[in-house]
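Everything numeric in this text was worked out from a predicted model, so none of it was measured. Just so it is clear: chains get the letters A, B, ... in the order the sequence lines come, proteins before strands, and each one is counted from 1.
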Protein chains: 2
Amino acid sequence: MSLIIQNITKHITLTPEEQLLFLSKTETHTFKAKTILLNSGQICKHSYFINSGILRSFNINDNIVEYVLSFACEGWWIGDMYSLISQKPGNLFIEVLEDAEIVTLSKENQEYLYAAIPKLERFFRILTENSLVANQERLMDNLSLSAEERFEKFRRKYPTLLQKIPQKQIASYIGVTPEFFSKMKSKLLRK
Amino acid sequence: MSLIIQNITKHITLTPEEQLLFLSKTETHTFKAKTILLNSGQICKHSYFINSGILRSFNINDNIVEYVLSFACEGWWIGDMYSLISQKPGNLFIEVLEDAEIVTLSKENQEYLYAAIPKLERFFRILTENSLVANQERLMDNLSLSAEERFEKFRRKYPTLLQKIPQKQIASYIGVTPEFFSKMKSKLLRK
DNA sequence: GTACTTTCTTAATCTACATTAAGTGCCCTC
DNA sequence: GAGGGCACTTAATGTAGATTAAGAAAGTAC
C-alpha cells in the first residue's frame, strides 16, 4: 500500500474505492535537491506529501535572514497553510533539501475530495490538530528554553536530520546564528 | 442567535434542529476573575467558548516563570489542545482574567457531535487551521522580530486587551520580563 | 481606613546571543 | 586541477534583554 494511504489510514478507514479515488486526485513527481516548490509571494496551490527525501519551509526577513519554519521528511505533509487556506500570496518558500519523491494534492482536488469522501475532513482535522500542538510546543520552547535545550529538542524530534542537512539550517530552526551554533556545538563536544 | 452558533455558522450551515442539538450538548457557566478552569497536570476534558470576559492559557516553567500561550476574549475558543487530543495530563493552566460567561463542550460530547453532525468536522478543521496559521506567524515573529515589534503586533491582534489586563501578562506573551517591558513602554511613550 | 499583596517602575549590573571579520576546508564545475 | 562558491570555524566586540534589588503605586481584604 502506498505511503500516503498508510498515512491516512492511521486515522480514518477508507474503502478500496475511496483509496483509488483519492490517489486519482493526486500526482507524484520527483524533484532534485535545491528545487523551490513554492516561492514567497506566490499563492500556494498544493499540499505536499513526502514519499522520500527532505523538504523545508522558510521565510526570508528583510531579504536577508532565513528562518526555517519546518522540516519535513518521509511520511510528512508540508505546505504554506496560510496561503493554502486564504489563497492569497504567502511569504513562505518551500525547498527540496534532499532529492525527493513528492505526492501533490491541489487545493481544488482537496476540496473535491472533502465533498466526495467527508471522512477526509476528519483526517485533515486531526492532521492539523497535531501540527498545532507541535507548533504550540515549539513556541513555548522558544520562549522558555535556552539555545542548547532547543537544540536537544530538535535532535529528539528529527533524529535522522542532523547528519543530512547543513547545520546552518538547524541553527535557523532553533533560532540562533550559524556562528553561535558552531560555538555551541564545539562546546557540547568538549563536554 | 447565540454567539456560539453565530461563530459556527461563519464557516458551515446548521439546520435549526442541528443548532438545538449542538446547544443541548453544551453548558453555559459564569466564572469570576482568577478562577482556574484547568490546572497543569490535569487532563483537559472541555473546549471553552467565551461569551464574555477574558481568559488566558499559560504554563509555568520550573515552577517559577509564567509563559502566556494565548489570550481569548468574546467569541474565541480556548483549551489545552495537546491534552484534549491525547487525553493525557497537559502542562497548561487556563485562567479567567476578567469575569466571564463560558460555553463548555466536553470532549465526549464533541465526539458525539462529530458523529451526529459530520459537518462539524469541517468547522473544527477550519478553526484549527486558523489557529495553526496564527501560531506559525507568532513563532516566526518570535524568531525574527524585536520585542518592540512583537508588542506592536500584540496591540494589533488584541486591541481591547491593553487596558484590561496586567501588563506583566502582555510582557509574558511577547516574551520579555515585566521589567524590560516597563522600560520599553516608557521609552515608546517618550517618543 | 489600615494593612497586605500584587503590580509597576527605575537603575545598576550581567549574559546569552548577535555582529563583524578573517580564515579554513570542501565540493562543484569547467 | 584550478578557481569559485558554500559551509563551517574562531575570535573580538557589541547589544537586546535578563537579573537583582529597592521603592512607589495600586488593588484587595478585613
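Regarding F180(B), its CZ atom lies at a distance of 16 Å from the P atom of dA12(C), rounded to whole Å. For M184(A) and dA16(C), the CE to P distance is 13 Å, given to the nearest whole Å. Atom NZ in K183(A) sits roughly 11 Å away from atom C1' in dT15(C) (whole-Å rounding). Between the CD atom of E148(A) and the P atom of dT15(C) there is a distance of 16 Å, rounded to whole Å. Separating the NZ atom of K187(B) from the P atom of dT10(C) is a distance of 15 Å, rounded to the nearest angstrom. To the nearest angstrom, P of dC8(C) lies 13 Å from CD of Q163(B).
For Q169(B), no side-chain nitrogen or oxygen approaches OP1 or OP2 of dT7(C) to under 4.0 Å.
Below 30°, between 30° and 60°, or above 60°: for Y158(A) and F154(A) the angle between ring planes is between 30° and 60°, a tilted geometry. Between H11(B) and F123(B), the ring planes lie tilted relative to each other; the angle falls in the 30° to 60° range.
Nearest-nucleotide mapping onto DNA chain D: of T177(B) and K34(B), the residue sitting toward the 5' end is T177(B). Position along DNA chain C of the nearest nucleotide to S182(B) versus A147(A) favours S182(B) as the more 5'-ward residue.
Side-chain contact of K107(B) with Q87(B): a donor-acceptor pair under 3.5 Å is absent, judged by distance alone.
Among the heavy atoms of the strands lying under 4.0 Å from E179(A) is at least one base atom, whether or not backbone atoms are also near.
Ring centroids of W77(B) and F124(B) are separated by less than 6.0 Å, placing the two rings close together.
Bounding nucleotides for the chain B contact on DNA chain D, 5' to 3', at a heavy-atom distance below 4.0 Å, are dG17(D) to dA21(D).
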| Does the salt bridge (charged side-chain N to carboxylate O under 4.0 Å, His left out) test come out yes or no for K157(B) and E137(B), once each step is laid out? | CA-CA 12 Å; K157(B) 182 166 179 183; E137(B) 186 183 342; over 6 Å; no
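When side chains are defined from C-beta on, V96(A) counts as touching L37(A), because their heavy atoms get closer than 4.5 Å.
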